[in-house]
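All values below come from the heavy atoms of this structure, side chains included, with hydrogens, waters and symmetry mates left out.
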Amino acid sequence: QVQLVESGGGLVQAGGSARLSCAISGRPFNMYTMAWFRQAPGKDRDFVAAIKWDGGSTVYADSVKGRFTISLDNSRKMVYLQMSALKPEETAKYYCTAGRAVTRPQLRYAYDDWGRGTQVTVPS
């Protein structure tokens with residue numbers, strides 16, 4: 001099992017930027033895919049971005065392409081989500097997640113371990 005702890009959320013002005021961090025601990029995570037999902041109140045948990053542990057490939061939801069960047073730091077065991085041009089409709093709790101042998105990174109059920117999330121609020 002992998003333990004994940006998110007940080008970096010808060011109140012962000014519309015059009016502003018924020019960086020979320022995810023600290024990883026626990027079992028060795030070779031071959032893992034790391035991802036960010038988000039969930040607004042009363043809505044489903046939606047895919048945002050994913051990255052393979054070797055950093056070789058990334059996948060983004062269409063709605064965030066060009067504005068969000070997922071990255072990782074192997075030495076520090078950290079995953080980041082850099083967000084820019086944030087919109088009020090992107091107010092949500094953002095979750096870090098990890099999964100082994102993930103073949104469809106956009107699917108929530110492809111992942112094994114989840115953090116508790118960090119709230120990002122973008123007032124209108």
Quick check: closest heavy atoms across [X] and [Y], and the distance to 0.1 Å?
{"X": "Cys96", "Y": "Leu4", "result": "O-CD1, 3.5 Å"}
{"X": "Ile24", "Y": "Met34", "result": "CD1-CE, 3.5 Å"}
{"X": "Pro105", "Y": "Val59", "result": "CG-CG2, 4.0 Å"}
{"X": "Val102", "Y": "Ala110", "result": "CG2-O, 3.5 Å"}
{"X": "Gly117", "Y": "Glu6", "result": "N-OE1, 2.9 Å"}

side-chain contact (heavy atoms from CB on, under 4.5 Å) evaluation trace for Leu81 with Arg19: CA-CA 6 Å; Leu81 184 68; Arg19 188 176 81 156; over 6 Å; no
Listed partners of Tyr94 passing side-chain hydrogen bond (donor to acceptor under 3.5 Å, both in side chains), at least two apart: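 Result, side-chain hydrogen bond (donor to acceptor under 3.5 Å, both in side chains) vs Tyr94: Arg38.
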Tyr60 ring center within less than 6.0 Å of Phe47 ring center: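 Here the rings of Tyr60 and Phe47 have centres that are no less than 6.0 Å from each other.
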Pairs in or reaching into [range]: which pass disulfide (SG to SG under 2.5 Å), with residues at least two apart or in two chains?
{"range": "residues 41-81", "result": "none"}
{"range": "residues 41-83", "result": "none"}
{"range": "residues 43-72", "result": "none"}

Working to the nearest 0.5 Å, report the span between [atom1] of [X] and [atom2] of [Y].
{"X": "Ser25", "Y": "Gln1", "atom1": "OG", "atom2": "CD", "value": "9.5 Å"}
{"X": "Gln39", "Y": "Asp44", "atom1": "CD", "atom2": "CG", "value": "7.0 Å"}
{"X": "Thr97", "Y": "Phe37", "atom1": "OG1", "atom2": "CZ", "value": "6.5 Å"}
{"X": "Lys77", "Y": "Cys22", "atom1": "NZ", "atom2": "SG", "value": "13.0 Å"}
{"X": "Thr121", "Y": "Lys93", "atom1": "OG1", "atom2": "NZ", "value": "10.5 Å"}

Is a side-chain donor or acceptor of [X] paired with a backbone partner of [Y] at a separation under 3.5 angstrom?
{"X": "Tyr80", "Y": "Asp73", "answer": "no"}
{"X": "Thr91", "Y": "Val122", "answer": "yes"}
{"X": "Asp113", "Y": "Gln3", "answer": "no"}

Partner set under ring pair (Phe, Tyr, Trp, His ring centres under 6.0 Å) for Tyr95, not counting sequence neighbours: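 In terms of ring pair (Phe, Tyr, Trp, His ring centres under 6.0 Å), with neighbours along the sequence ignored, Tyr95 is linked to no residue.
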Arg45 to Trp114, cation-pi by 6.0 Å centre distance and 45° axis angle: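 Cation-pi check for Arg45 and Trp114: passes.
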How about [X] and [Y]: do any of their side-chain heavy atoms sit closer than 4.5 Å?
{"X": "Tyr32", "Y": "Asp54", "value": "no"}
{"X": "Ile51", "Y": "Thr33", "value": "no"}
{"X": "Val79", "Y": "Trp53", "value": "yes"}

Whether over 12 other heavy atoms sit under 6.0 Å from Glu89 CD: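 Above 12, so yes.
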Test side-chain contact (heavy atoms from CB on, under 4.5 Å) applied to Trp36 and Ile70, step by step: CA-CA 8 Å; Trp36 289 93; Ile70 188 170; 3.6 Å; yes
Pair Ser17-Met83, side-chain contact (heavy atoms from CB on, under 4.5 Å): steps then yes or no: CA-CA 5 Å; Ser17 300; Met83 307 183 293; over 6 Å; no
For Arg67, all residues meeting salt bridge (charged side-chain N to carboxylate O under 4.0 Å, His left out), sequence neighbours excluded: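 Salt bridge (charged side-chain N to carboxylate O under 4.0 Å, His left out) check on Arg67 returns Glu90.
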side-chain contact (heavy atoms from CB on, under 4.5 Å) between Leu20 and Val120, intermediate numbers included: CA-CA 9 Å; Leu20 305 182; Val120 174; 3.9 Å; yes
